[in-house]
Undergrad: 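Before I ask anything, here is the structure I am working with.
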Amino acid sequence: MNHRTTLAGTLLAGALLASGCTGTGGSSQGADAKAPDDPKTVSGTIKVLTQRTDLVQDGTMKKYAAAFNKTYPKVKVEFEALTNYETEAKIRMNTENYGDVLLIPAVIKKTDYPRFFASLGTQAERAKKYRFTDFTTVDGKVYGQSPIGVTPGFLYNKKVWQQAGVTGWPTTPAEFLTDLKAIKSRTGATPYYTNFSAQWPLTSWTAVNGSVGCDTEATTKLAEGDPWAKGADLRVGDTLLYDIVHQGLIEKDPTTTNWEASKPRLAKGQIATEWLGTWAIIQFQDAARQAGIDPDDIGFMPFPAQVGGKFCAVVGPDYNLAVNVHSPHKEAARAWIDWFTDKSGYDKDNLAISPLKDAPLPDVLKPYEDQGVKFIEISDAKGAEVKAIDDQSEVGINKPEYRQNLVDLARGARKGSLDSFLNDLSKKWADARKTVGP
């Protein structure tokens, strides 16, 4: 399994139950995992759960642990990689035995964080140094920290786009469609690849929220209004995906797509474009190297929409690391999270955005800087409310069925019109908002 990331908890694999785990919580609720004063006195064996099966298998995580031990010599770090992280972690969290350090599963309700995780400190203090603190804050305390930041966008083969005569990034959905048509008529590449069969990549289309309108309160608007109103970010994104499929600009049969195979195919120019995120760049570049192709052929572009003549890119957290509230080695677990976030170089190794506020952007985003792309962080103050509305509505904005149904509609495998499909989503959302309430 390769790394699959979250952007504000949205880019997730699998169709998951939306209810929280039952867990045990109880007497440990509200416990703190304090930062150690003296690294040499911290001891214990900690188990770190991870979704990075690839990095555990190739020994990369062991190398991180060895570097960690130079500062914390008395802490032994053991890793356990879970192939289907969300599902397996959820099952374990019905007990107290779910590792000492883990990634916060998206299925856990935000209000339940204190039941399962130890506090890392107050938001007022941590926000001075780190990005994304509000995503795991409950009652002023922070319960998780992402080691990297990500932004959604289109991975594309530069040479294919150039062969099609496209020299600049499209600035509107209409321009984007025109460019894909040029790719179809002038090259042998599949203009856009849906990754329909893998399912989870389709959920990344929810991450257009915020980029279209360049709005830091985009999540709040989901809680307070209609996500599929005319001009709303999700409607713009869903309409573009529908048009791409409906106009025949995708693979011949979406049900036969292959995520792993798409990497070398895009590198070789057989596929032109995929909507994913910065986290995927290194994987596609590695695929290019293995195929004997220049990794610089892999490009990355923002969603085709501008505000005030500028593109906007939402920066959000990957999975957040947390300390098990039941861990007997909270100090050692906290030490690992702090070191992995601040010192490991994991962000640089993955060409990712650092969660440290004073860190520069990775080189892979230099084209964004050159083009004046505006980076924004979306407030997650109403993130828990959005999740509650989504659960009640059964729309599943972070689950694959929603977009699979949209793709099926666009390719004629499902009856109906785009307007009726989106209007139905709007009604379900509005009904759920009345039930959930503010």
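Below, all heavy atoms of this structure are taken into account, side chains as well, without hydrogens, waters or symmetry copies.
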Undergrad: Under 3.5 Å, is there a donor on one side chain and an acceptor on the other for N97 and T95?
TA: no
Undergrad: Can you list every pair that meets ring pair (Phe, Tyr, Trp, His ring centres under 6.0 Å) and has a residue in residues 358-382, with sequence neighbours left out?
TA: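 Qualifying pairs, neighbours excluded: W169-Y368, F300-Y368, Y368-F375.
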Undergrad: How close do P317 and V150 get, counting heavy atoms only, and between which atoms?
TA: O-CG2, 4.2 Å
Undergrad: Which heavy-atom pair separates G299 from K158 by the least distance, and what is that distance?
TA: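 Scanning both residues, the minimum pair turns out to be CA-CE, 3.7 Å.
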Undergrad: Does any N or O in the side chain of T133 come within less than 3.5 Å of the main-chain N or O of R126, such that one atom is a donor and the other an acceptor?
TA: no
Undergrad: Just verifying a value: how many Å separate L55 CG and T60 OG1, rounded to the nearest 0.5 Å?
TA: 5.0 Å
Undergrad: Using only heavy-atom distances, determine whether the side chains of Y319 and R52 contain a donor-acceptor pair under 3.5 Å.
TA: no
Undergrad: Tell me whether K387 contacts the main-chain N or O of A106 through its side chain, where contact means a donor paired with an acceptor under 3.5 Å.
TA: yes
Undergrad: Check whether D100 reaches the backbone of K47 with its side chain - one donor and one acceptor, N or O, closer than 3.5 Å.
TA: yes
Undergrad: Fit a plane to each ring of W336 and F340, take the angle between them on a 0 to 90° scale, and name the class: parallel (under 30°), tilted (30 to 60°) or perpendicular (over 60°).
TA: parallel
Undergrad: Closest approach of V325 and R115, non-hydrogen atoms and distance?
TA: CG1-O, 3.3 Å
Undergrad: Any idea how F132 and F135 line up, ring-wise: parallel (<30°), tilted (30 to 60°), or perpendicular (>60°)?
TA: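 Aromatic pair F132/F135 classed perpendicular.
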Undergrad: Distance only, no hydrogens: is a donor on one side chain within 3.5 Å (strictly under) of an acceptor on the other, for D226 and S426?
TA: yes
Undergrad: Under a 3.5 Å threshold, yes or no: a donor from one side chain and an acceptor from the other, between W205 and D238?
TA: no
Undergrad: Is a side-chain donor-acceptor pair under 3.5 Å present for Q199 with R403?
TA: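 No - no donor-acceptor pair under 3.5 Å links their side chains.
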